[in-house]
**Student:** 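This is the structure I have questions about; it appears just below.
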Amino acid sequence: MCGIIGYIGHQEATPILLEGLKRLEYRGYDSSGVGVISSESGELFVRKAKGKICDLESLIKAHHLPSGSIGISHTRWATHGAPNQVNAHPHFDSTNKIIVVHNGIIENYESLKKNLIKKGYKFISETDTEVVAHLIRDYYDGDLFEAVKKTIAQLRGSFALGVISQEEPDTLIAARIGSPLIVGIGKNENFIASDVPAILDYTKKVIYLKDGEMAVIKRDSVRVFNFAGKPVPYKVSPVTFHVDAVKKQGYAHFMLKEIHEQADVLKNMLASRIKGNHVALDGLKLTDSQLRSIKNIFIVACGTAYHAGMVGKYVIEKLASVPVMIDVSSEFRYRNPILDQKTLVIAISQSGETADTLAAVKEAKAKGAKILSIVNAVGSTLTRESDGVLYTHAGPEIGVASTKAYTAQLCMLYLLALKLAAVRKTLPSAEVKKLFKDLKEVPQLYHKILKNRQAIADMAKDNSHFGCFLYLGRNINYPSALEGALKLKEISYIPAEGYAAGEMKHGPIALIDEYRAVVCVAVQSETYEKMISNMQEILSRKGKVIAIATEGDKTIANHAHHVIYLPSTNTSLTPLLVALPLQLFAYYVAVNRGCDVDQPRNLAKSVTVE
């Protein structure tokens, strides 16, 4: 949640900060602000605005910011206090000489605030962040680093901090625990940011700060310390993706661009992971002996990643004969899960910074389980908490509603299931070879589905007026129904619920009437006839049926008002294909309703608070 970018160097800071904030819009926000130290007067100046970054730009145009080569900026997603100009970041200390930007939550801010008020400090905002600014002032005795270090020692919670002071205009301080923050290394200039896209125009060299680290950044140097103030070694890592990856490249929205990128993402993954007739899972860091000794698997994830994990449960149990349990990360550690050294916990997260998933992993580690993470973001916190890491390498995903990250997670789970099956000898070699062949064909099938996107767009237009949608699926495509419903509600704001189709008669059927549309995943499978029966039940109650079916199905049109046809593939792989029309349908419905597809209201790309 939220976005931070800071700059110190030889260029004008404000344009760099504003452009960086635009690159971080996908993280979700409701207000923004910029603070710079004037090169002429040495004073700090701040401009803040509620709403979009364009509103901040308009404010700065009307109330000019002085020229300066050091500054920090922020996009805020409201937690403590309403989204307004006063609560927006940066926040001043009591003397207006120090400013702070902050992502995360300070859990003990109320007690800290009471103590500061007793000392005479006055608060103007409702935020927990303002406490940090006043604490730094309280500890400041001429050394900003020491003041920030002492302040951090008082804080409980998660945070990424950026701090500058007009009393030390050559220094930018950064610190993090539980919330991502990177340092960008340039030539006679350096940066801090919540994520790489913010600084890609200026550098492709970054330091991924670890939890419990802070950095002292000047225009020509960077030093990293632990929270005790002792220097620690750090690694400068290259950024492997190009700046074009975070641009729309002619697409109307990032979400549409990322839907179209899925074929290449899977093609690249399969080319690098399938070697001959075996799966090469570099980063797994579990021996064949350890894989054979696994007695059970837990999958923990949130949102879209949870739905990928649900598919993973079906696939792993079917192919590798290992019992799999799956939990929403936020519930996992509160039910005292039974696991031990022979348990493998698979944590799935696009960002690798999901607070609930990180908390679940720490709980599992404390009980002795092995941790394997499936992650897109290189260098994220989850990767450092794991015994093994399987990177999906889907590239930056800017749209808040996950698309290519989801199908990449699905593909990685299929590969992992095949690896487990091979090691545990649960599948005949001929069946393994057939699955490899079918998997390799999926990217080409994606191109075929995308050629039909106009038909899906027309179907979406015809159904955009419905006030409620149900999504039904069975067996391995029950999670597909959940994911389809999530996509629609995320970006179109239409209430949508996914159900296992067999559960419809146990309650949801009461919702069916002529004002409801029902999306039925009815691809060819062992449950196909049962899905047809469910569709008949909907039609008899005047519900509008939209079916997702397999090419060549000549009878499905008799049971639906609209049909989206998919190429035929291995039944076990159908969730990979079903994902695309569900994504496209949600996208076009949202566009027809005039919704902000890439930045849906109230949502953030990386949820770093519990």
**Student:** Check whether any side-chain N or O of T75 sits under 3.5 Å from a backbone N or O of G3 as a donor-acceptor pair, and report yes or no.
**Tutor:** yes
**Student:** Between S349 and T354, is any side-chain donor less than 3.5 angstrom from a side-chain acceptor?
**Tutor:** yes
**Student:** In Å, rounded to the nearest 0.5 Å, how long is the span from CG of L59 to CD1 of I53?
**Tutor:** 13.5 Å
**Student:** Nearest heavy-atom pair of A175 and F227: which atoms, and what distance?
**Tutor:** CB-CE2, 4.2 Å
**Student:** Strictly distance-based, threshold 3.5 Å: is any side-chain N or O of N108 a donor or acceptor partner for the main-chain N or O of Q154?
**Tutor:** yes
**Student:** Does a donor on one side chain and an acceptor on the other come within less than 3.5 Å for S125 and E130?
**Tutor:** yes
**Student:** Can you tell me which residue pairs pass the salt bridge (Lys or Arg N to Asp or Glu O under 4.0 Å) test with a partner in residues 42-53, sequence neighbours excluded?
**Tutor:** K52-D596
**Student:** What closest approach, in Å, do T357 and C302 show between heavy atoms, and which atom pair accounts for it?
**Tutor:** OG1-SG, 3.7 Å
**Student:** If I compare all heavy atoms of F45 with all of P66, which pair ends up nearest, and what's the gap?
**Tutor:** CD1-CG, 3.5 Å
**Student:** Got a donor-acceptor contact below 3.5 angstrom from the E168 side chain to the L144 backbone?
**Tutor:** yes
**Student:** Taking atom types as modelled, is there a side-chain donor on T304 or S402 under 3.5 Å from an acceptor on the other?
**Tutor:** no
**Student:** Is K489 reaching over with its side chain to a backbone N or O of A496, donor-acceptor style, under 3.5 angstrom?
**Tutor:** yes
**Student:** Do T127 and N87 have side-chain atoms, one donor and one acceptor, less than 3.5 Å apart?
**Tutor:** no
**Student:** Taking atom types as modelled and ignoring hydrogens, do the side chains of N190 and K205 form a donor-acceptor contact shorter than 3.5 angstrom?
**Tutor:** no
**Student:** Hey, does the side chain of H134 reach the backbone of K122 with a donor-acceptor pair shorter than 3.5 angstrom?
**Tutor:** yes
**Student:** Could you walk me through whether K149 and E146 pass the salt bridge (charged side-chain N to carboxylate O under 4.0 Å, His left out) test, one step at a time?
**Tutor:** CA-CA 5 Å; K149 185 186 76 172; E146 284 296 321; 3.1 Å; yes
**Student:** For the pair K404 and E397, find out whether any cationic side-chain nitrogen is under 4.0 Å from an anionic carboxylate oxygen.
**Tutor:** no
**Student:** In terms of relative ring orientation, are F225 and F145 parallel, tilted or perpendicular, with 30° and 60° separating the classes?
**Tutor:** tilted
**Student:** Report the C-alpha distance between E353 and S380 in whole Å, list the side-chain angles of each, state the deciding distance to 0.1 Å, and finish with yes or no for side-chain hydrogen bond (donor to acceptor under 3.5 Å, both in side chains).
**Tutor:** CA-CA 6 Å; E353 303 292 349; S380 54; 4.9 Å; no
**Student:** Please report the shortest heavy-atom distance between I37 and P169, naming the atom on each side.
**Tutor:** CD1-CA, 3.9 Å
**Student:** Counting distance only, does the side-chain N/O of N84 pair as donor-acceptor with the main-chain N or O of V86 below 3.5 Å?
**Tutor:** yes
**Student:** Take I177 and I152 through the test side-chain contact (heavy atoms from CB on, under 4.5 Å) and record every step on the way to the result.
**Tutor:** CA-CA 10 Å; I177 188 164; I152 286 171; over 6 Å; no
**Student:** Any side-chain to backbone donor/acceptor pair from Y29 onto L24? Under 3.5 Å, distance only.
**Tutor:** no
**Student:** Indicate the atoms forming the closest heavy-atom contact of Q166 with N96, along with that distance.
**Tutor:** OE1-O, 3.7 Å
**Student:** Decide yes or no for Y140 and D93: does some side-chain heavy atom of the first lie under 4.5 Å from some side-chain heavy atom of the second?
**Tutor:** no
**Student:** Is S386 reaching over with its side chain to a backbone N or O of V389, donor-acceptor style, under 3.5 angstrom?
**Tutor:** no
**Student:** Ignoring hydrogens, what is the shortest heavy-atom contact between A193 and I199? Give both atom names and the distance.
**Tutor:** CB-CG2, 4.1 Å
**Student:** Within the 4.5 Å heavy-atom criterion, are T151 and V163 side-chain neighbours or not?
**Tutor:** no
**Student:** Using a 6.0 Å distance limit plus a 45 degree cone around the ring axis, check whether R593 lies over the aromatic ring of Y493.
**Tutor:** no
**Student:** Please examine the side chains of R23 and I5, heavy atoms only from C-beta on, and report whether any two atoms are closer than 4.5 Å.
**Tutor:** no
**Student:** With the side chain counted from C-beta on, respond yes when V597 and V591 share a heavy-atom pair under 4.5 Å apart, and no when they do not.
**Tutor:** yes
**Student:** Is D128 close to I105 at the side-chain level, that is, under 4.5 Å between some pair of heavy atoms?
**Tutor:** yes
**Student:** If you apply the rule side-chain contact (heavy atoms from CB on, under 4.5 Å), what do you find for I16 with F191, and how did you get there?
**Tutor:** CA-CA 10 Å; I16 294 172; F191 309 79; 4.1 Å; yes
**Student:** Could you go through the side-chain contact (heavy atoms from CB on, under 4.5 Å) check for D598 and K248 one step at a time?
**Tutor:** CA-CA 11 Å; D598 286 334; K248 291 179 184 175; 4.1 Å; yes
**Student:** Report yes if some heavy atom in the side chain of H91 is under 4.5 Å from a heavy atom in the side chain of V46; otherwise report no.
**Tutor:** no
**Student:** Can you tell whether the side chains of K487 and E490 come within less than 4.0 Å, N to carboxylate O?
**Tutor:** yes
**Student:** Between the main-chain N or O of F159 and the side-chain N or O of H102, is there a donor-acceptor pair closer than 3.5 Å?
**Tutor:** no
**Student:** Taking C-beta and beyond as the side chain, do M255 and T403 meet within less than 4.5 Å on heavy atoms?
**Tutor:** yes
**Student:** Do S67 and E12 get their side chains close enough for a donor-acceptor pair, meaning under 3.5 Å?
**Tutor:** yes
**Student:** Classify the side-chain pair E261/Y251 by whether it contains a donor and acceptor separated by less than 3.5 Å.
**Tutor:** no
**Student:** Measure the spacing between CG of L17 and CD1 of I72 and express it to the nearest 0.5 Å.
**Tutor:** 9.0 Å
**Student:** Checking V361 against L382 for the side-chain contact (heavy atoms from CB on, under 4.5 Å) test, could you report, in this order, the C-alpha distance in whole Å, the side-chain angles of both residues, the deciding distance, and whether it holds?
**Tutor:** CA-CA 8 Å; V361 163; L382 181 57; 3.7 Å; yes
**Student:** Just wondering, do V236 and V222 contact through their side chains at under 4.5 Å, heavy atoms?
**Tutor:** no
**Student:** I need the Q341 CD to K367 NZ distance, nearest 0.5 Å.
**Tutor:** 12.0 Å
**Student:** Less than 4.0 angstrom from a charged side-chain N to a carboxylate O is my criterion; do R137 and E167 meet it?
**Tutor:** yes
**Student:** Sequence neighbours left out, cut at 3.5 Å: what donor-acceptor pairs do the side chains of residues 207-218 make with other protein atoms?
**Tutor:**
unit_1 : atom_1 : unit_2 : atom_2 : d
D211   : OD1    : R176   : NE     : 3.1
D211   : OD1    : R176   : NH2    : 2.7
D211   : OD1    : G178   : N      : 2.7
E213   : OE1    : K210   : N      : 3.0
K218   : NZ     : D170   : OD2    : 3.4
K218   : NZ     : T171   : OG1    : 2.7

**Student:** Determine the interplanar angle of the F298 and F332 rings, folded into 0 to 90°, and report it as parallel if under 30°, tilted if 30 to 60°, perpendicular if over 60°.
**Tutor:** perpendicular
**Student:** Rounded to the nearest 0.5 Å, what separates atom NE2 in H307 from atom CD1 in I326?
**Tutor:** 8.5 Å
**Student:** Is S179 reaching over with its side chain to a backbone N or O of S158, donor-acceptor style, under 3.5 angstrom?
**Tutor:** no
**Student:** Apply salt bridge (charged side-chain N to carboxylate O under 4.0 Å, His left out) to the pair K113 and E110, showing each step before the final yes or no.
**Tutor:** CA-CA 5 Å; K113 185 175 181 177; E110 288 185 337; over 6 Å; no
**Student:** Drop me the distance from I136's CD1 to I98's CD1, to the nearest 0.5 angstrom.
**Tutor:** 6.0 Å
**Student:** Assess the pair Y7 and Y202: is the distance between their ring centroids shorter than 6.0 Å?
**Tutor:** no
**Student:** Starting at CG of D356, measure out to OG of S330 and round the result to the nearest 0.5 Å.
**Tutor:** 5.0 Å
